[in-house]
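Structure first, then comments.
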Amino acid sequence: MSTGVWLVGARGSVATTSMVGALALRAGLAEPIGCVTEHPDLRGSALPPIADLVFGGHDVVTTCLAKKAETLGEAGVVPARLVAAVADDLAAVEENIRTVPAGGTQAETAAALAADITAFRERLGLERVVVVNVSTTESLPEPRPAHGDLDLLESELAGGGSPLPASSLAAYAAFTAGASYVDFTPSTGARLPALDTLARRGGLPYGGHDGKTGETLVKSVLAPMFAHRNLAVRSWSGLNLLGGGDGANLAAPGPNAAKSASKQRVLAETLGYEPEGNTRIEYVDDLGDFKTAWDLVSFAGFLGVRMRMEFSWHGCDSALAAPLVLDLARLTSAAHRAGRQGPLTELAFFFKDPIGDVPHGLAEQWTLLREFVAGLA
Ligand SMILES: NC(=O)c1ccc[n+]([C@@H]2O[C@H](COP(=O)([O-])OP(=O)(O)OC[C@H]3O[C@@H](n4cnc5c(N)ncnc54)[C@H](O)[C@@H]3O)[C@@H](O)[C@H]2O)c1
């Protein structure tokens with residue numbers, strides 16, 4: 001039986017690239033380059049094959065999926081010939097995408113979102129569904145008592161209140177529908193004690209937060225190097241320039257703050273102290289989905305001698321993110337099948353701001369991931 005992947009933000013760049021990619025892989029038109037779960041150390045029967053993933057999802061806009069894929073093809077984010085080759089399959093996926101209902105109370109919206117996920121599973125005879133949030137990054141919400149207590153949360157919802165940000169409402173709906181949940185964004189998602197209770201009550205696993213695809217990926221390799229060589233990092237400053245829907249949204253102060261905090265966390269966690277400096281994100285329309293990041297690191301060596309290193313990263317954001325979305329769907333589905341519930345801390349390898357008390361260096365995270373996959377087998 002197949003695994004359903006329900007994408008929140010299904011008409012966005014990352015979602016569309018993930019679906020075009022999976023369909024092209026299924027048709028044997030491309031190699032799984034960038035898919036971590038296809039690495040020889042991880043590949044195996046414990047995970048549902050990419051060819052068996054079935055896609056659906058929610059979005060707030062109604063842009064035609066084929067049109068979005070064509071735009072990505074023209075921009076060079078995905079090869080245009082692959083978009084043309086999977087056009088019929090994309091049209092079939094279009095049938096599985098629903099618009100987020102507007103106007104009702106949060107309880108009504110959550111019930112409608114959950115009903116869409118359940119109908120997707122039943123109509124297509126899916127074994128299980130993983131909900132992956134790849135929607136627009138939100139600002140971090142004000143803390144409220146209902147976030148820490150499921151009974152309080154449910155009574156606020158029943159009373160017509162709106163205690164949850166959209167990403168957490170999506171996680172609430174996923175768990176209510178018996179689906180696992182992954183947050184590829186820095187938004188709050190399932191990261192609330194009340195939702196952790198709900199997930200555990202339903203025997204459901206969840207993972208997050210914020211896919212690690214570029215500058216932070218490099219940081220998670222370099223920071224342990226400085227730490228293990230006992231060099232003193234004095235400052236670490238980064239500037240990220242990007243366009244696209246994500247870039248436009250991240251130009252707003254709230255989402256920008258959420259993303260920047262997520263990007264800088266790896267340094268404090270790995271080095272054990274916070275060097276001077278910040279990560280800045282700037283919107284440059286012309287760059288589209290292609291991002292440039294510049295980082296400057298100043299550090300002190302033996303006898304306090306001062307040195308510097310810089311790097312620049314030119315990445316195609318959605319092409320880097322999409323294979324990880326497929327990996328996370330496969331891994332989370334397999335964990336669900338194996339009876340795991342609550343946070344999947346072993347997925348830290350994929351995230352800028354991983355859940356739980358986990359190492360932030362990429363090499364240690366890789367070991368954790370390999371052991372996790374071996375355990376699933
Ligand atoms: N590309 C990367 O490398 C990368 C890495 C880490 C995290 N992310 C995150 O992934 C997310 C998606 O990025 P993208 O480039 O595809 O952005 P995008 O703007 O192209 O797509 C986001 C989609 O979410 C939809 N959306 C907004 N609010 C929604 C809601 N409440 N419910 C359902 N859908 C909603 C939008 O209409 C849009 O179609 C962003 O939050 C981004 O920060 C991306």
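What you see is a predicted model; the values in this text were computed from it and never measured. As the structure lists them, so they are numbered: ligands from 1, and atoms in each ligand from 1.
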Open item on the list: Whether the Asp183 and Tyr206 side chains hold a donor-acceptor pair (N or O, under 3.5 Å, no angle test) is what I'd like checked.
Closed with: no
Open item on the list: For atom 42 (C) of ligand 1, what's the nearest protein heavy-atom neighbour? Residue, atom name and distance, please.
Closed with: Asp246 OD1, 3.1 Å
- [ ] Give a yes or no on whether a salt bridge exists between Arg11 and Glu94, defined as a side-chain N under 4.0 angstrom from a carboxylate O.
- [x] yes
- [ ] With heavy atoms under 4.0 Å as the rule, classify the contact between Asp317 and ligand 1 as side chain, backbone, both or neither.
- [x] both
Task: Spacing of Leu47 atom CG and Asp52 atom CG [to the nearest 0.5 Å] - done: 12.0 Å
Task: Distance from atom 4 (C) of ligand 1 to nearest protein heavy atom, with residue and atom - done: Phe184 CE2, 3.9 Å
Task: side chain to side chain donor-acceptor pair (under 3.5 Å) partners of residues 293-303, not counting sequence neighbours, each pair once - done: Ser235-Ser298, Trp236-Asp295
Task: atom 27 (C) of ligand 1: nearest protein contact (heavy atom, Å) - done: Thr136 OG1, 3.0 Å
TODO: Could you tell me which atoms of ligand 1, counted from 1 in the order shown, lie closer than 4.0 angstrom to a heavy atom of Val61?
DONE: 37 (O)
- [ ] Starting from atom 37 (O) of ligand 1, locate the nearest protein heavy atom and write down its residue, its atom name and how far away it is, to 0.1 Å.
- [x] Asp59 OD1, 2.6 Å
Open item on the list: One pair to check against side-chain contact (heavy atoms from CB on, under 4.5 Å): Val134 and Val325. What are the steps and the verdict?
Closed with: CA-CA 9 Å; Val134 282; Val325 168; 4.0 Å; yes
TODO: Could you tell me whether Arg340 and Glu346 have a side-chain N and a carboxylate O separated by less than 4.0 Å?
DONE: yes
Open item on the list: What I want to know is whether Asp289 and ligand 1 share at least one N or O pair that is separated by under 3.5 angstrom.
Closed with: no
- [ ] Run the numbers for me: atoms of ligand 1, each under 4.0 Å from some heavy atom of Gly211, listed by number.
- [x] 5 (C), 6 (C)
Open item on the list: Out of Ala10, Pro186, Gly214, Ala166, who is nearest to atom 31 (N) of ligand 1 when you count heavy atoms only?
Closed with: Ala166
- [ ] For Ala321, take its heavy atoms, then give the atoms of ligand 1 lying under 4.0 Å from any of them.
- [x] 1 (N), 2 (C), 3 (O)
- [ ] Give the atoms of ligand 1, by number and element, whose distance to some non-hydrogen atom of Val60 is under 4.0 Å.
- [x] 26 (N), 27 (C), 28 (N), 29 (C), 30 (C), 31 (N), 32 (N), 34 (N), 35 (C), 37 (O)
TODO: Would you mind listing which atoms of ligand 1 come within a distance below 4.0 Å of any non-hydrogen atom of Thr185?
DONE: 11 (C), 41 (O)
- [ ] Might you confirm whether atom CZ of Phe302 has over 12 heavy atoms from other residues, nucleotides or ligands at distances under 6.0 Å?
- [x] no
- [ ] Before accepting this row, confirm whether a basic side-chain N of the pair Asp246/Lys291 lies closer than 4.0 Å to the acidic partner's carboxylate O.
- [x] no
Task: atom 20 (O) of ligand 1 [closest protein heavy-atom partner, distance rounded to 0.1 Å] - done: Ser13 N, 2.9 Å
Open item on the list: Within the 4.0 Å heavy-atom shell around Gly12, which atoms of ligand 1 are there?
Closed with: 16 (O), 20 (O), 21 (O), 23 (C), 39 (O)
Task: Ring geometry between Phe349 and Trp366 (parallel below 30°, tilted from 30 to 60°, perpendicular above 60°) - done: tilted
TODO: Please could you name the atoms of ligand 1 that Thr137 approaches to less than 4.0 Å, counting only its heavy atoms?
DONE: 40 (C), 41 (O), 42 (C), 43 (O)
- [ ] May I ask you to list the atoms of ligand 1 that are less than 4.0 angstrom from any heavy atom of Val100?
- [x] 32 (N), 33 (C)
Task: Shortest protein heavy-atom distance from atom 16 (O) of ligand 1, along with the residue and atom involved - done: Val14 N, 2.8 Å
Open item on the list: Check Arg191 with Asp353, please: is the shortest side-chain N to carboxylate O separation under 4.0 Å?
Closed with: yes
TODO: May I ask you to check whether Asp210 has an N/O atom sitting below 3.5 Å from an N/O atom of ligand 1?
DONE: no
Open item on the list: Can a side-chain donor-acceptor contact be found between Ser318 and Asp289 if the only test is distance below 3.5 angstrom?
Closed with: yes
TODO: Answer side chain, backbone, both or neither: which part of Thr213 comes under 4.0 Å from ligand 1, heavy atoms only.
DONE: side chain
- [ ] Could you pull out, from Val134, Thr99, Val8, the option with a heavy atom nearest to atom 12 (C) of ligand 1?
- [x] Val134
Task: Contact with ligand 1 for Leu320, non-hydrogen, under 4.0 angstrom - done: no
Task: Heavy atoms of other groups near Arg280 CZ, more than 12 under 6.0 Å - done: no
TODO: Inspect the surroundings of CZ in Arg234 and state if more than 12 heavy atoms from other residues, nucleotides or ligands are less than 6.0 Å away.
DONE: no
Open item on the list: If you measure every N or O of Ser135 against every N or O of ligand 1, does any of those distances drop under 3.5 Å?
Closed with: yes
Open item on the list: Counting only heavy atoms not in Arg337 (residues, nucleotides, ligands), do more than 12 fall under 6.0 Å from its CZ?
Closed with: no
Task: Lys352 and ligand 1 - part of the residue with a heavy-atom distance under 4.0 Å - done: side chain
